[in-house]
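Working notes for the structure below.
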Amino acid sequence: MSNYIPTIGVEVHVELKTKTKIFSPSTNGYGEMANSLTNEIDLGYPGTLPRLNEEVINLGIKAATILNCKIRKVMHFDRKNYFYPDISKNYQITQNRTPIGYDGYVEIEIDGEKKKVEIEEIHIEEDTCKSAHRGEKTLLDFNRAGVPLIEIVTKPCMTSSKEAKLYLEKLRELLTYGDISDCKIEEGSMRAEPNVSLRKNESDPFGTKVEIKNIGSISNVVAGIEKEIERQTKLYDKGEKIVPQTRRYDDKIGDTVLMRVKETGNDYRYFPEPDIPFVVLTDEQIEEVQKTIPMLPDERRKKYLELGVSETNTKKLIQNRNLSDFFNTIIDEKTNHQIASNLLLGDISAYLNKNEKTIDETTLNKERILELIKLMEGNKLSSKNLKEILDSILETNSKIEEIIKEKGIQNITDDNKIIEIVKKIINENEESVTDYKNGHDRAIKYLMGQVMKETKGTINPKIAMEILKEELDK
Amino acid sequence: MDKLSREEILHVADLARIELTEEEIEKYRVHIKKLLDDIEKIKDVKGYDDEQLIAPWSENCILREDRVGNMLEPKEVIEHAPRHSGNYIQVPVVIGESEGA
Amino acid sequence: MKYLNLSIKEINKLLKDKKIKPIDLVNEAIENIEKHKEYNAYITLNKEEAIKKAKELEDKEVDNLFFGIPIAIKDNIITKNLRTTCASHMLDNFIPPYNATVIEKIKEKNMIIIGKTNMDEFAMGSSSRTSYFGPPKNPWNKNKISGGTSGGSATTIASRDLPIALGSDTGGSIRQPSAYTGIVGLKPTYGRVSRYGLVAYASSFDQIGPMTRNVYENALLLETIVGHDEKDLTSSKRETEDFTRLIGKDIKNMKIAIPKFFVSDIVDKEIIEKINQTIEILKKNGAIVDYVDMKYIENTVTLYQIIAMGEASSNLARYDGIRYGFSYENPKDINDLYLKTRKEGFGEEVKQRIMVGSYILSGENAKIYYNKALSIRDDIKKEFSRIFENYDWIIGPTTTTTAYNLDDPMDDPSKAFMDDVLVIPANLAGLPGINIPIGFDKSNMPIGMHIIGNSFEEAKIYQLASLIEKELKLDLNPWKGEENE
């Protein structure tokens with residue numbers, strides 16, 4: 001097989017996180033009884049008119065901002081006309097001429113190098129209804145009809161499935177963090193459609209483009225692109241032409257399958273939507289919305305590392321939006337942020353998972369976690385003891401110091417007491433002491449283990465180690 | 001008389017998803033030709049500026065607050081549909097995939 | 001006693017004084033309609049509900065001028081639980097689960113809906129002869145058309161069945177039938193009245209408007225249906241106003257423009273004569289009348305054809321037999337369902353316009369025809385604005401002929417558009433316009449004058465229309481002595 005240069009673009013549809021639909025006050029919801037979230041507008045009944053949802057425009061502004069796009073200040077909508085049972089009016093209201101965002105980019109890091117994936121445009125449109133094929137008939141559920149979507153279109157600027165994957169992961173992270181969409185691919189709230197073409201040399205014009213639809217996961221996007229590159233390479237090698245077409249990725253056979261060959265472009269008969277006057281955005285409006293954009297992952301990452309949080313913890317925190325938001329409440333505080341991240345990702349996460357709770361459902365707040373860190377840092381509370389009182393910390397509002405008292409937990413902080421125990425252990429383990437003196441490092445670890453065992457972990461290991469060393473070196 | 005070809009009529013009928021009888025095809029070959037001649041006159045109009053009037057809107061769009069309002073009962077939705085099954089609206093088997101979103 | 005021949009103010013007084021009850025009005029209206037049944041003004045009568053409503057109102061306080069007044073509604077305005085067909089087989093079984101905004105307003109005022117009036121199918125036509133339910137007939141001569149598309153509303157008002165009706169006007173559909181039947185019909189400024197629940201034909205033109213026996217009551221009815229509606233993004237923020245406020249004010253030194261095209265040889269001589277006589281009256285009252293040139297005015301029908309049919313092809317795509325309405329019974333597959341439902345559900349005129357509209361928007365044609373038409377439409381609007389910088393009104397005849405025969409051939413598809421050549425320009429620019437009767441031709445068919453006002457200047461239109469009405473004092477009752485019981 002010869003080598004060709006792939007050119008890849010991706011179109012992504014994401015459902016927006018709004019309370020109601022784009023053009024009607026019906027609930028924007030998932031998993032409800034069929035046709036229970038609709039009204040006459042969603043069903044395209046005669047005489048009904050679209051009522052554009054303010055939040056959709058706001059989320060469009062947010063998305064455009066986050067994806068570094070220019071924002072259009074005056075826009076209108078267009079009708080895309082086609083007959084299909086999933087679109088109730090037999091036209092879709094979309095933005096053809098005046099997309100809300102254009103000329104943006106998403107930065108990805110590929111093999112240690114930064115690359116900008118260019119965004120051609122972001123436009124707002126309505127989702128279709130859900131159809132299920134059952135033998136001789138198709139069943140329609142219009143709950144999804146009119147759910148707001150944004151479509152994000154990249155330029156054909158990627159050259160590998162890996163880039164596409166990194167782009168999609170980054171996009172998902174950004175849109176989730178921006179509270180724009182849930183981006184749940186399995187629920188269909190994020191849908192990616194890559195297009196692939198091949199050419200021999202960088203200087204050649206782009207090859208014939210093939211679109212791949214109906215992909216249910218990012219890993220299938222990767223597989224779909226790779227299979228398509230393989231398929232096209234074989235065809236070119238045989239001297240055959242690529243026919244412009246739409247394929248779909250079939251998970252079961254692990255390959256792309258032909259859906260339809262494109263005729264001379266679809267005749268969508270676009271024209272400007274007369275039912276929706278110009279949407280005009282002012283600078284103030286745009287700024288208001290931009291103020292609501294939370295701190296994005298890249299900025300969090302930078303900040304956390306600066307605060308001394310380990311790389312591993314930083315990555316894990318950012319993967320968990322709730323914990324990261326909680327962590328953000330203490331980023332301006334003077335405290336030990338590494339301990340804070342350990343607490344959140346360790347015992348607290350374990351508690352949350354076990355109890356199926358989110359962090360906002362506990363009594364932990366900024367003040368209490370700062371107190372907790374202080375106690376641990378000052379050796380007033382060992383991690384072992386923390387486990388015993390964690391439930392009380394997360395479920396009551398009592399001061400942690402009081403919880404400690406109540407539970408009768410007392411750390412051995414008296415040095416003399418520790419010296420006494422250390423001496424006892426040294427006396428009981430003469431062999432190890434000899435080993436230590438002969439330079440075997442492992443011996444001190446064993447002795448330390450014995451000390452901790454003796455005290456049932458109620459002493460500060462750092463102090464205990466210092467005392468142990470002092471006593472051994474005497 | 002000036003007529004459109006059969007193919008031209010069948011093409012616009014297909015765009016509009018309307019089946020025509022033989023009699024209708026013949027009639028529309030004449031009638032639609034007449035209307036197409038009418039709209040052809042726009043080609044002679046000159047001197048206008050490029051600005052477009054989509055509709056004589058008097059004001060810009062007033063956006064709707066994102067608050068849940070009235071919905072129809074699933075029963076009402078179903079009862080209006082010529083074919084239904086359970087809570088679903090039913091159509092004869094769908095061939096091919098959606099063109100849209 | 002015929003109460004419905006009284007003015008609304010007089011009826012209101014009788015109701016207030018408890019001399020009559022709303023049921024008396026409903027019974028009288030129904031009796032009138034049944035007597036004039038052959039005129040085919042109605043598609044659906046709301047008899048039982050109207051009687052029920054009238055009885056309910058007996059215990060209520062008469063709190064406004066329209067309380068208990070019977071009203072007729074064009075059948076393309078959505079009425080909850082009352083069949084709304086658009087005069088089409090496609091919707092002949094459609095009982096809507098919601099109300100148009102104007103219907104909500106009418107109900108708030110406790111008007112009583114007597115029935116849904118006949119019209120051209122989906123408001124496409126000019127003589128109401130495209131109705132699935134057969135055409136309404138002109139009360140002045142039952143062999144003549146009532147015009148269209150609001151032919152049923154025009155017929156019932158002209159017949160004196162009841163005092164008020166609503167119509168809709170996309171390219172003259174209120175004003176033209178009003179001219180043919182000798183009544184007062186106004187198309188408000190685009191955005192003045194909510195279009196929510198008006199079944200769309202061409203969205204950027206459609207407006208609902210009042211059709212009445214006289215100017216004053218027209219202004220009163222308009223007042224009850226206007227106002228901002230959050231359900232229609234194209235509805236104006238302007239709230240309601242007293243549209244009668246300028247009625248009776250003199251027109252001294254006010255300026256009237258007559259575009260030369262409006263009185264060119266496309267108009268019948270008899271009509272021009274009547275227009276000239278009326279102009280003399282206006283001059284006598286101190287108005288200054290000028291003949292003016294207007295750019296693009298002779299292109300307006302072409303622009304209207306392109307834009308309206310383009311929009312219509314999209315607006316009517318939703319009738320597919322899936323969610324509501326007529327559906328072909330045994331389709332082979334989904335495409336067969338579309339093809340046969342639309343074949344059998346739509347009439348000839350509707351199919352023709354949808355097909356031409358699809359062609360207009362198809363591929364490169366969108367640029368050649370549609371986008372160009374939008375550009376020229378903008379210039380038309382500017383041209384009107386230019387005229388209104390110097391003039392208070394633009395006038396002309398409403399129609400080029402009086403009502404023609406019901407059995408005149410329908411073999412020229414352009415005719416349905418050309419019948420509205422004088423009223424279409426106002427729709428293109430979104431301007432308000434009214435028909436005011438100014439006399440009769442030799443065969444005693446009504447002739448109307450068209451007054452166009454500047455945007456949102458309906459009150460000023462009523463000022464001029466009312467003056468003409470007062471000066472002419474026409475007897476506009478088609479039954480005259482015939483029906484004096």
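Keep in mind that this is a model prediction, so the values were computed, not measured. FYI, side chains are in, hydrogens and waters are out, and symmetry mates aren't considered; it's all heavy atoms of this structure. Residue numbers start from 1 in every chain, and the chains themselves are labelled A, B, ... in the order their sequence lines are given, proteins ahead of strands.
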Given heavy-atom pairs under 4.5 angstrom as the criterion, report whether the side chain, backbone, both or neither of [X] touches chain C.
X       : answer
B:Leu72 : side chain
B:Leu36 : side chain
B:Arg64 : neither
B:Glu79 : neither
B:Glu76 : side chain
B:Ile42 : both
B:Lys46 : backbone
B:Lys43 : both

Heavy-atom pair count under 4.5 Å with chain C, highest-scoring of [options]:
options                            : answer
B:Asp44, B:Leu35, B:Asp49          : B:Asp49
B:Val77, B:Val45, B:Ile32          : B:Val45
B:Ala55, B:Ser58, B:Ala16, B:Cys61 : B:Ala16
B:Asp14, B:Asp38, B:Leu15          : B:Asp38
B:Ile62, B:Ile9, B:Ile89, B:Leu20  : B:Ile62
B:Glu51, B:Lys41, B:Lys34          : B:Glu51

According to the interplanar angle, ranging from 0 to 90°, do the rings of C:Phe94 and C:Tyr324 count as parallel (below 30°), tilted (30 to 60°) or perpendicular (above 60°)?
tilted
Assess the residue pair C:Arg129 and C:Glu121 against the criterion (salt bridge (charged side-chain N to carboxylate O under 4.0 Å, His left out)); give the C-alpha distance rounded to whole Å, side-chain angles, the decisive distance to 0.1 Å, and a yes or no.
CA-CA 8 Å; C:Arg129 287 183 295 175; C:Glu121 183 181 5; over 6 Å; no
Is there a ring-ring contact (aromatic ring centres under 6.0 Å, His included) between C:Phe205 and C:Tyr304? Walk through the geometry before answering.
CA-CA 9 Å; C:Phe205 300 89; C:Tyr304 173 77; 5.2 Å; yes
Counting heavy-atom pairs under 4.5 Å to chain B, which of [options] comes out on top?
options                                : value
C:Leu233, C:Ile322, C:Ile354, C:Val356 : C:Ile322
C:Ser414, C:Gly325, C:Gly191           : C:Ser414
C:Ala429, C:Pro413, C:Gly430           : C:Pro413

As an exercise, state the distance from CG of C:Leu374 to NZ of C:Lys372, rounded to the nearest 0.5 Å.
12.5 Å
Taking the six-membered ring of C:Tyr319 as reference, does the cationic atom of C:Arg342 (NZ for Lys, CZ for Arg) lie under 6.0 Å from its centre and within 45° of its axis?
no
Apply side-chain hydrogen bond (donor to acceptor under 3.5 Å, both in side chains) to the pair C:Ser204 and C:Glu311, showing each step before the final yes or no.
CA-CA 8 Å; C:Ser204 71; C:Glu311 288 182 9; 2.7 Å; yes
Begin with the C-alpha distance, continue with both residues' side-chain angles, and end with the deciding distance and a verdict on salt bridge (charged side-chain N to carboxylate O under 4.0 Å, His left out) for B:Arg29 and B:Glu26.
CA-CA 5 Å; B:Arg29 284 179 68 188; B:Glu26 285 312 307; 3.4 Å; yes
Looking only at heavy atoms, which two atoms of C:Lys295 and C:Glu383 are closest? And how far apart?
N-OE2, 2.9 Å
Looking only at heavy atoms, the pair that brings C:Thr85 and C:Asp92 closest together is CG2-CA, 3.9 Å
Under 3.5 Å, side chain of B:Tyr28 to main-chain N/O of C:Glu348, donor-acceptor pair present?
yes
